Enquirer: 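Submitted below is the structure of interest, expressed as structure tokens.
Reminder, nothing fancy here: chain letters follow the sequence lines and each chain counts from 1. On a predicted model such as this, the values are computed, not experimentally measured, just so you know.
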2 protein chains.
Amino acid sequence: MPGLFYCLGCLIMARKTKAEAAATRETLLDAAEDMFIEHGVARTSLNQIACHAGMTRGAVYWHFKNKADLFHAMLQRVRLPFEDLLEALDDPTLDQKPLEAVRLACLSGFSHLEQPRYRRVHSILLHHCETFGDIDPLSMQNEMSEDTCSALLKYFSMAAKLNQLRSCLDPDTAAQIMQAMLGGLFHDWLRNHEHYSIYREGARLIGTQLALMQQSP
Amino acid sequence: MPGLFYCLGCLIMARKTKAEAAATRETLLDAAEDMFIEHGVARTSLNQIACHAGMTRGAVYWHFKNKADLFHAMLQRVRLPFEDLLEALDDPTLDQKPLEAVRLACLSGFSHLEQPRYRRVHSILLHHCETFGDIDPLSMQNEMSEDTCSALLKYFSMAAKLNQLRSCLDPDTAAQIMQAMLGGLFHDWLRNHEHYSIYREGARLIGTQLALMQQSP
DNA sequence: TTTTTTACATTCAAAAGTGTATGGATAACG
DNA sequence: CGTTATCCATACACTTTTGAATGTAAAAAA
């Protein structure tokens, strides 16, 4: 346990190695997640974060410029789930089955979301922070929505061309309906993730919805 | 202009009539809505609210116990939209057309939401406040979701009994899908209400979705 | 090895916000 | 018409939080 000893009755924490310093940075971000979820972003002070991590504000101000900088670092530890969702859509074997591609992309997104760190950070973004500093969670949500909707539109258009979409359903409307469903599921599950698995329930709902949208052969 | 004059170089505001006092209370609540939407609930001080209303904190502390009390009063100026939605479902002429009842209930909810005060307060609840005092917006959202879902389930069950629901779709799943859609639409529109009308777009999407769910005769 | 930089803890000053106490003119009431 | 309670502004004490300054022992560099 290097660098830990007493000096004049006061506990002195000496310099850490680079690896140790990086670890304390992660510890601080973990502690910030905890406090943000429990008390909200605005109502947790940097001192609360430092204490919960077993340190003082000195550590926080060394690793981060201020609270907004720490918040930004916390966000950058996770990638947005819908990017993964879009990634999974790039499967060449699904070119002839666009609705199946949408289904698998949703499943991929759900499974990413169930990882604790992803879930916690997105819960903070959606439910535990107001507009804060240079970070506007609403515009971030809007970006996610637009990305999702445009990707969905692309695949629903393919489905329409392949005559796999019900004739009464145009691709735009299909994409909007699906995007609203995904957003609703997302918000709902983040509010009470301990009650059910978004992977299981989401898969079931998305599956039946896609079946409703599909042109019966 | 009663009760307004100068005294020793300092502007003195004398006692108002009861009607005037009630008006300043409303003015304070309006100002609070403005500031909450612009800066978030946690990051607006009572002084900012008072200044934006053209008064001082004295007025705020006279009409409200503290910030949480003011927030609660702001919420009580609007009723929750899904209560109206449930209200509209109580139409006896629709007993034989439960899916149509659901559609009309959604329309009723949408039209209520487009009233500025409803929209603003719900926008604050969903997007501009963290858990605050004795008010937990997440549990309020959960209550709204559960109420909506149980009402939807009731009517989708009726539809199933009347053989108006597609056979591949059980009432529970139908209610969950519809509730996710409504929640997604709700969040989406509150994020950028200036871009479209939830009444028009919502009506269109809900209509096609219900058509997808309906058993073709 | 010597010097410099790092990785924090501690301390301090300043600002902001809250709650309360006080004052004061007048509307409301008897 | 006199009294009282009201409606709000002002002033004060207190707490909380922030950002910066300082100290320091060891890691890292020279």
Enquirer: By nearest atom, which of the nucleotides C:dA7, C:dA27, D:dC12 is closest to the B:Thr17 side chain?
Expert: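 It is C:dA27.
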Enquirer: Would you say B:Asp34 and B:Arg120 make side-chain contact, with heavy atoms under 4.5 Å?
Expert: yes
Enquirer: For the side chain of A:Thr56, counting heavy atoms from C-beta on, which of D:dA9, C:dA7, C:dT10 is nearest?
Expert: C:dT10
Enquirer: Anything under 30° is parallel, anything over 60° is perpendicular, the rest tilted; go ahead and classify A:His122 against A:Tyr118.
Expert: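 The arrangement is parallel - the two ring planes meet at less than 30°.
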Enquirer: Determine the minimum heavy-atom distance between B:Arg119 and B:Leu113, stating which atoms define it.
Expert: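 Closest approach of B:Arg119 to B:Leu113, heavy atoms only: CB-O, 3.3 Å.
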Enquirer: Could you check whether the rings of A:Phe132 and A:Phe71 sit parallel, tilted or perpendicular, using 30° and 60° as the cut-offs?
Expert: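 The rings of A:Phe132 and A:Phe71 stand perpendicular, inter-plane angle above 60°.
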Enquirer: Between D:dA11, D:dC8, D:dG19, which one does the side chain of B:Arg57 approach most closely?
Expert: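 Selected nucleotide (nearest to the side chain): D:dA11.
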Enquirer: Roughly, in whole Å, what's the span from OH in A:Tyr61 to C1' in C:dT11?
Expert: 14 Å
Enquirer: Any residue in residues 40-48 of chain B with a heavy atom nearer than 4.0 angstrom to DNA chain C? Just list them by number, or reply none.
Expert: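 Within residues 40-48 of chain B, the residues near DNA chain C are B:Ser45, B:Leu46.
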Enquirer: Looking at side-chain heavy atoms only, is the closest gap between B:Met55 and B:Val60 below 4.5 Å?
Expert: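 With C-beta onward as the side chain, the pair stays apart.
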Enquirer: Given C:dC8, is OP1 or OP2 found less than 4.0 Å from the side-chain N or O atoms of A:Trp62?
Expert: no
Enquirer: Take the protein atom CG of B:Asn66 and the nucleotide atom P of C:dG19, then report the distance between them rounded to whole Å.
Expert: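 Roughly 5 Å, once rounded to whole Å.
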Enquirer: Return whichever of B:Arg25 or A:Lys67 has its heavy-atom-nearest nucleotide of DNA chain D closer to the 5' end.
Expert: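 Mapping each residue to its closest nucleotide by heavy atoms, the 5'-most match is B:Arg25.
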Enquirer: Atom NZ of A:Lys18 and atom P of C:dT5: how far apart are they, to the nearest Å?
Expert: 15 Å
Enquirer: Considering just the side-chain nitrogens and oxygens of A:His63, establish if one lies under 4.0 Å of OP1 or OP2 belonging to C:dA7.
Expert: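 Answer no for this pair, as no side-chain N or O of A:His63 is under 4.0 Å from OP1 or OP2.
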Enquirer: In whole angstroms, how far is the C1' atom of C:dG19 from the CZ atom of B:Phe64?
Expert: 17 Å
Enquirer: Of all heavy-atom pairs between A:Arg43 and A:Gln48, which one has the smallest distance, and what is that distance?
Expert: O-OE1, 3.5 Å
Enquirer: Ignoring backbone atoms, establish whether B:Thr24 has a side-chain N or O less than 4.0 Å from OP1 or OP2 of D:dC8.
Expert: yes
